[in-house]
Amino acid sequence: MRRGTWLTSEQFGGLFAAAGLTGGGGLPGRMAPVNALLAAAPEALRERLLVEFLGALYTPSSE
């Protein structure tokens, strides 16, 4: 298992929320904060963050 893969999708959602990266639909309104987080994160975490973000982007909301 690569480093950074032990967090669940819910924990990543909490990380996005703690970083102020969630809007009304759970996703940020702009990409600049996401890009800043990705640029600052270590490679393994960056990859997982991107996968989680793209997964949330293409997952229909429950509303």
For residues 37-46, tabulate all N or O donor-acceptor pairs below 3.5 Å that involve a side-chain atom, not counting sequence neighbours.
unit_1: R46; atom_1: NE; unit_2: L38; atom_2: O; d: 2.9
unit_1: R46; atom_1: NE; unit_2: A41; atom_2: O; d: 3.4
unit_1: R46; atom_1: NH2; unit_2: A41; atom_2: O; d: 3.0

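- Distance check: E52 CD to E10 CD gives 8.5 Å after rounding to the nearest 0.5 Å.
- Hydrophobic clustering, with ILVMFWY side chains joined whenever heavy atoms are under 4.5 angstrom apart, keeps Y58 apart from V51.
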